[in-house]
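Protein chains get the first letters and strands the later ones, always in sequence-line order, with residue 1 at the start of each. These values consider heavy atoms only, across backbone and side chains, with no hydrogens, waters or symmetry-generated copies.
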Amino acid sequence: MARTLITVPKTVRRGETVELRTLIAHPMETGYRAGADGRVLPRDILRRFECRLDGELVFEAELFPAVAANPFLSFSLRADASGTLSFRWQGDNGFEQTETAALVVT
Amino acid sequence: MKRAMKPALLAALSAAAAWLVVAAAAAPRSGVESMSPELQAMQRDDARNPGLLWVRDGEAAWSRTEGRAQRSCASCHGEAARSMRGAAARYPAFDAERGGAIDLAERINRCRAQGQGAAALARESDALLALEAFVAHQSRGLPIAPAADARLAGAVERGRALFVRRIGQLDLSCAQCHDARAGQRLGGSVIPEGHPNGYPIYRLEWQSLGSLQRRLRNCMSGVRAEPYAFGAEELIELELYLKQRAAGLAIETPAVRP
Amino acid sequence: MTTKPGSTRRAALAAGAGLVALLARPRAFAADDPLRAAVLAFTGGTAPAEGRVHLELPPLVENGNTVPLVVSAEGAVRTIAVFNERNPQRDVAVFRFGPRSGGARVETRIRLATSQRLVAVAQDGDGMWWQAGVDVIVTLAACIE
């Protein structure tokens, strides 16, 4: 389980557009870099990210080696109703992690 | 009377003189001020700072029971926000058992051995960096405040001597860049004053969190000198001097630096 | 082969008109631009028009390992892709905005191997393709491992 840092505003007014920010610990090894022994380190990156609110898509991203280590993604959500936000990362070597957070809309 | 001054007295006077020179210099400037607005935002926004991933790991480790004693840091120290506030601001500190200065990383390992019966964590390991970052983070915003400990005067002076000594194939001293040319440019980058106020830092070059010792070793590689080994006496002495030199500067742990 | 009267002139006019049209269309890329193939592969052959999408990057970067990037677009944009010119691979990322999105705006951090051009490509609700480009200078940190 990689460490994640997810920032969701504590309370949101109905209809407001808010920024969601996510950080995840991951080396995003490009597959182009040589190790200390001179041999190329195999690629190990996160390839997909998606954020859903009660299952409906908010935002998704296809990531490539050009995305920096410990990937940061900030994107916007239109908050119409309270619900459960899910954040899912998938990547090489079977990487799969989902985190959830509550969205409180007043 | 032609009695020669005792070496100890001479050393103490030199240390005092060095102290006065350091104290008389202009207020120290943090490296954060030389960074682009985007990188400053990366450090200052807790939703954006990648170093906080390690701080979070350290927070989890703080409450985890470990070692033969099956105790956590919290077992003795309680809530870190209260008990560790100000701790990083006065390290390296004198340790009676060691008979000399130890840095925060060594302090953590000694606590693990004595309080938890747990094995020492390797220097530069994610586990140790996480704990160090978490502890130092509790002092974020507080000024660096090295204790005026007479027992450390010799070590501080040795650190200052290391700082002004020319080394490496490029035959440069720390002072030549970071005192005499701070604010000027080396390549595309502004030369910082080189203060240890944000460690452990998330260095973009490392794409990861790292210690002051790692950064000092990078400096030595930069002038083509053989870097001191992790945990070397010289690196502790340098840190002691650097903390004196940076006294008053606010701690930024975890800082972001290029 | 017999040709219809005037067809040769018509062909010549058509060829000339085509040439003028080619020259008059907004020039997205120079002929040998390494980004061109990647962008056109993404759009399915259509050269995007300039506009609608915005790419923000610092003009001077101290370390290419972590470069803050903001990409945004006006209107009902469903997809934005970002491409680079000089990394080992052209793709940077592809972003898609779902029904719950508050707008097409993403902030992330990318890697740049050297000074180069970045291009963002967006498709709007009508299927039109748009693009914007930015040049970035990448320097190296001093005193590395």
Side-chain angles (χ1 to χ4, degrees), chain A residues 1-12 17-36 40-46 49 51 58-59 61 63-77 85 87 89 91-92 95 97 99-101 103, chain B residues 35-64 121-122 124-134 137 140 198 200-210 214 217-218 221 227 229-230 253-258:
Chain A
M1 285 283 281
R3 178 68 58 184
T4 61
L5 216 77
I6 295 166
T7 307
V8 176
K10 290 243 164 1
T11 50
V12 179
T17 294
V18 293
E19 293 296 308
L20 302 180
R21 296 187 175 100
T22 67
L23 248 179
I24 182 167
H26 195 285
M28 295 294 281
E29 192 57 64
T30 61
Y32 297 111
R33 211 166 65 130
V40 171
L41 297 161
R43 194 184 91 160
D44 182 16
I45 65 165
L46 295 175
F49 168 83
C51 171
V58 178
F59 168 77
L63 308 176
F64 293 86
V67 172
N70 306 305
F72 171 76
L73 286 166
S74 173
F75 50 93
S76 71
L77 161 75
L85 287 163
F87 306 87
W89 291 265
D92 293 335
F95 188 98
Q97 186 165 335
E99 303 289 336
T100 58
L103 179 73
Chain B
M35 299 199 309
S36 67
E38 292 82 7
L39 290 187
Q40 289 182 349
M42 196 187 300
Q43 174 178 309
R44 289 177 167 146
D45 185 347
D46 282 0
R48 285 189 170 85
N49 188 329
L52 288 169
L53 291 166
W54 276 261
V55 170
R56 282 285 187 91
D57 277 339
E59 186 176 21
W62 182 265
S63 307
R64 209 157 45 224
L121 296 167
E124 232 51 38
S125 64
D126 278 324
L128 184 56
L129 286 168
L131 273 170
E132 201 185 331
F134 177 64
H137 184 62
R140 187 168 68 168
I201 60 169
Y202 188 87
R203 192 178 187 204
L204 302 188
E205 177 58 29
W206 301 329
Q207 302 186 79
S208 143
L209 202 78
R214 183 176 179 184
R217 283 163 50 87
N218 287 182
S221 301
F230 281 108
T253 308
V256 173
R257 293 288 187 270

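Atom CZ of B:Arg48 has more than 12 heavy atoms from other residues, nucleotides or ligands within 6.0 Å.
Paired with A:Arg3 under the rule side chain to side chain contact (heavy atoms under 4.5 Å, CB included), one option of B:Val55, B:Leu53, B:Leu52 passes, and it is B:Leu53.
Chain B is approached within less than 4.5 Å, heavy atom to heavy atom, by A:Arg21, A:Leu23, A:Ile24, A:Ala25, A:Arg33 from residues 21-33 of chain A, ordered by number.
Note on A:Thr7, A:Thr4, A:Asn70: by heavy-atom pairs under 4.5 Å with chain B, the leading option is A:Asn70.
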